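Every chain is numbered from 1 and lettered A, B, ... according to where its sequence line falls, protein lines coming before strand lines. All values below come from the heavy atoms of this structure, side chains included, with hydrogens, waters and symmetry mates left out. Model, not experiment: these values are computed from the prediction.
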Amino acid sequence: MSILVDKHTKVIVQGLGKTGQFHTDKAIAYGTAMVGAVHPSRAGSEFHFEGETDHSGVPSRDDAYSVDLPIFATVNEAVAATGANASVVYVPPPFAADAIMEAGSAGLDLVVAITEGIPVADMIKAKRYLADKPTRLVGPNCPGVITPGECKIGIMPGYIHQRGRIGVISRSGTLTYEAVHQVTQLGLGQTTAVGIGGDPVNGTDFVDVLRMFQEDDETEGVVMIGEIGGTAEEEAAEFVASEMTKPVAGFIAGTSAPPGKRMGHAGAIVSGGKGTAAAKIEAMKAAGIAVAETPSDMGEAMVRALG
Amino acid sequence: MKIHEYQAKQLMAARGIPVPMGRMATSVDEAVAAVRPLIEESGNPVVVVKSQIHAGGRGKGTFKEHPDVSGVNVITDGVEGGPSAAEQAVRDLASKMLGSTLVTIQTGEDGKTVNRVYIEQGIDIARELYLAVLLDRATGRNIVMASTEGGVEIEKVAEETPEKIVRAEIDPAIGLASFQANELAHVLAISGDAARSFARFVKALSTAATELDTDLIEINPLVITTADQVMALDGKMAFDDNALYRHPDIAEMRDETEEDPSEVAAKNAGLNYIKLDGTIGCMVNGAGLAMATMDTIKHVGGEPANFLDVGGGADEEQVTQAFQIITQDPNVRGIFVNIFGGIMRCDVIATGIVQAVQNVGLEVPLVVRLEGTNVKRGNQIIEESDLDVVSADSLRDGAEKILELTK
């Protein structure tokens, strides 16, 4: 098993600008079941993708692919025609929250929002809109979700992943790659890697994903990577202590960050003495999480935690 | 983005939110000219001269050049001496404040130069409260936060008497409901006309927060006047940078003299840069990895000179600008480049580094750690160049190497 996405996940893409096209091509090369695109002004036509297969992805495929992706005017239309159950959003920031709500309106299981820079007020509304919909939002401002060898939704490089037994959750893109790479190098591999994003208002938090990993048979341990700002890591630590039986390793970025400064991510800020790395690390250690001292030690912390 | 108090008060006044009358001045003459009309309009011979900088604690702060002068001054000379005496007092004060360096608990030791002062009518205060509208990340909604302890730092109240802080959640589809505003007034023990004035105030402020895309509005103190009117005696606003595109009028309020010049240059180049006090410059892709790189430098015993995220799609031009910005900092004794190439290929970034270093002419040691897509080719490009560059295998290895080279 795995969480969130697998070989049965059928994905549509919302936002086929330069970035959306580039990563849709990579997803198809990886073997993700991309079934359509939403682009109102080009509905009725097709996007053509062709290239060399990424053999680190879904196994047993030809060396090359050539795909004509049908374009639809709305998410509803795309779902009706393709049976899609997930969507990935590359729509530019001013329109991204609307795209997320459209995915929710169509009743998709999952919408993964990659877009960085969505206004907070827009996300507050989108989150409320999704509250009574069946749709789970991952992101925004995240690298996406990947179940190695089955489905890659997002911008992460596929080849650093390897199917295995560790779940990975992170607020940061490149730090996720760092953790995944180490877990692969150590021969443990991943069940699913989930980037929950670096924004202050997001759809899925640590606790949601930890719960899914706890319930997933194949996942034997979890690496969680947090950073300064907010209290999501403290809440995650509480959940680990009270609800989880699987070992968890972790890392918190931002020990050296000065207070009051936003460290790149919109959500990465220590304000009024809240959201410090020290408080998060302390809470995680108290919950029995094996905290890595540097990001270079994340894989080994996982090995230690597995015992 | 932060704005000055006088700008926040302009925005509030434009929305019918009560603030004292005031005028901003950038020169002593302008400051003096503001006094008489203020006294005549308000009928109060007392005026206040407030330093305008993007940092709190102004009232308790003092000037480096004039240690006896506070950042905020109440002028009572007009009570007995009339407007002329008030004008003379403002002239004396403004000439000491303008152009001088105000040091508060929030500015650090270096302080900030005061280029603008705000001359405001005196207010007869009956009570001081605290009011803010800010994001509650746990629920993903804005909340109103209020406290009976006006004029005190909210962090201090949260620490010592958390029971004195009350909250109300703002439903994005409804706004702050009237019953919530009334309830806040009740809990804060505000009654009568003042309660009605408070409810109007807090509802208008909640609407302003949503409509203006603020990250934070903080009114400390919010005052109840002796005439039972609720009024913002101070006003602090910060805005969501990602939403400024729909508020061009607010974007124009940016005061770049309040920001670090190298951070402004980086922002204009599309780079995410924050200057720090250490000696090891860093250039990294991704915000999380950039933070983690600083942390690792510190962990092995060094001090990072900056946070710099070149982003996911940096080109040679941006890498060059990043090197220029890092090397302009005189404290930098060495640079650590840490790239995890995902979509960004290591050979492209290596070529960028080599060309950037040739263009900029690097005089300090450089350690490069590449990992990810096309890493072998990337390392080969670095090794084959004539540059004096040290390669590292991991983040930790790179941090140790640059520390050794800068000792």
Side-chain angles (χ1 to χ4, degrees), chain A residues 19 22-23 26 93-94 117-125 127-128 143 155-157 159-160 170-178 181 198 200-202 225 227-232 235 251 253-258 260-268 272-274 277 293-297, chain B residues 106 135 137-142 153-155 158-159 170-173 209-211 213 215-216 240-243 245-246 272 274 276-278 284-300 303-304 307 309 312-313 339-343 371-373 394-397 399:
Chain A
T19 310
F22 180 88
H23 294 294
K26 297 279 176 203
I118 304 176
V120 171
D122 294 6
M123 278 313 303
I124 290 175
K125 288 181 188 143
K127 192 171 168 121
R128 183 188 198 279
I155 59 174
M156 68 291 278
Y159 79 96
I160 59 170
S170 171
R171 273 167 73 184
S172 145
T174 37
L175 267 182
T176 316
Y177 310 161
E178 192 82 52
H181 184 66
V201 177
N202 58 12
I225 303 155
E227 62 190 30
I228 54 167
T231 54
E235 286 144 27
F251 176 73
T255 310
S256 58
K261 289 277 191 180
R262 231 170 258 286
M263 307 306 282
H265 285 156
K274 291 279 188 238
E293 286 195 328
T294 77
S296 300
D297 311 314
Chain B
Q106 288 187 15
L135 177 70
R137 294 166 61 140
T139 56
R141 291 184 177 188
N142 277 328
E153 272 188 64
I154 194 69
E155 289 80 9
E159 180 98 344
I170 303 171
D171 186 316
T210 306
E211 291 181 359
D213 283 295
D215 266 351
L216 171 74
D240 179 1
D241 287 340
N242 292 332
Y245 72 91
R246 49 193 178 202
N272 228 321
I274 292 164
L276 303 169
D277 298 330
V284 188
N285 67 328
L289 191 59
M291 265 188 278
T293 303
M294 290 165 32
D295 297 345
T296 309
I297 288 169
K298 198 145 187 163
H299 183 77
V300 300
E303 288 292 335
F307 166 94
D309 170 15
I339 302 289
F340 199 111
I343 301 312
E371 189 56 78
T373 310
S394 73
L395 209 177
R396 191 179 191 134
D397 179 47

Heavy-atom contact with chain B under 4.5 Å, split by part of [X]:
| X | answer |
| --- | --- |
| A:P143 | neither |
| A:I118 | backbone |
| A:N202 | neither |
| A:E227 | side chain |
| A:I160 | side chain |

Can you tell if the side chain of [X] reaches within under 4.5 Å of the side chain of [Y], non-hydrogen atoms only?
| X | Y | result |
| --- | --- | --- |
| B:Y245 | A:P119 | yes |
| B:K298 | A:T255 | no |
| A:T294 | B:L395 | no |
| B:M291 | A:L175 | no |
| A:Y177 | B:N285 | no |
| A:R128 | B:R141 | yes |

If every non-hydrogen atom of [X] is compared with every non-hydrogen atom of [Y], which pair is closest and at what distance?
| X | Y | value |
| --- | --- | --- |
| B:G341 | A:Y159 | O-OH, 4.4 Å |
| B:A292 | A:P295 | CB-CG, 3.5 Å |
| B:L135 | A:P200 | CD2-CB, 3.6 Å |
| B:G288 | A:A253 | O-CB, 3.8 Å |
| B:G286 | A:T174 | CA-OG1, 3.4 Å |
| A:A121 | B:D213 | CB-OD1, 3.2 Å |

Most contacts with chain A, counted as non-hydrogen pairs under 4.5 angstrom, among [options]:
| options | value |
| --- | --- |
| B:D295, B:T296, B:L289 | B:D295 |
| B:I339, B:I274, B:T139 | B:I274 |
| B:D171, B:D241, B:I154 | B:D171 |
| B:A290, B:G278, B:A173, B:A138 | B:A173 |

If you count heavy-atom pairs within less than 4.5 Å of chain B, which of [options] leads?
| options | answer |
| --- | --- |
| A:S256, A:G117, A:A257 | A:S256 |
| A:A277, A:P94, A:P93 | A:P94 |
| A:D122, A:T19, A:T176 | A:D122 |
| A:H181, A:M123, A:K127, A:K125 | A:H181 |

Per-residue contact mode, [X] against chain A (heavy atom under 4.5 angstrom):
| X | answer |
| --- | --- |
| B:A399 | neither |
| B:N272 | side chain |
| B:D277 | neither |

Please round to the nearest 0.5 Å and tell me the distance separating atom [atom1] of [X] and atom [atom2] of [Y].
| X | Y | atom1 | atom2 | value |
| --- | --- | --- | --- | --- |
| A:I124 | B:I170 | CD1 | CD1 | 8.5 Å |
| A:E235 | B:R137 | CD | CZ | 10.5 Å |
| A:D297 | B:H299 | CG | NE2 | 7.0 Å |

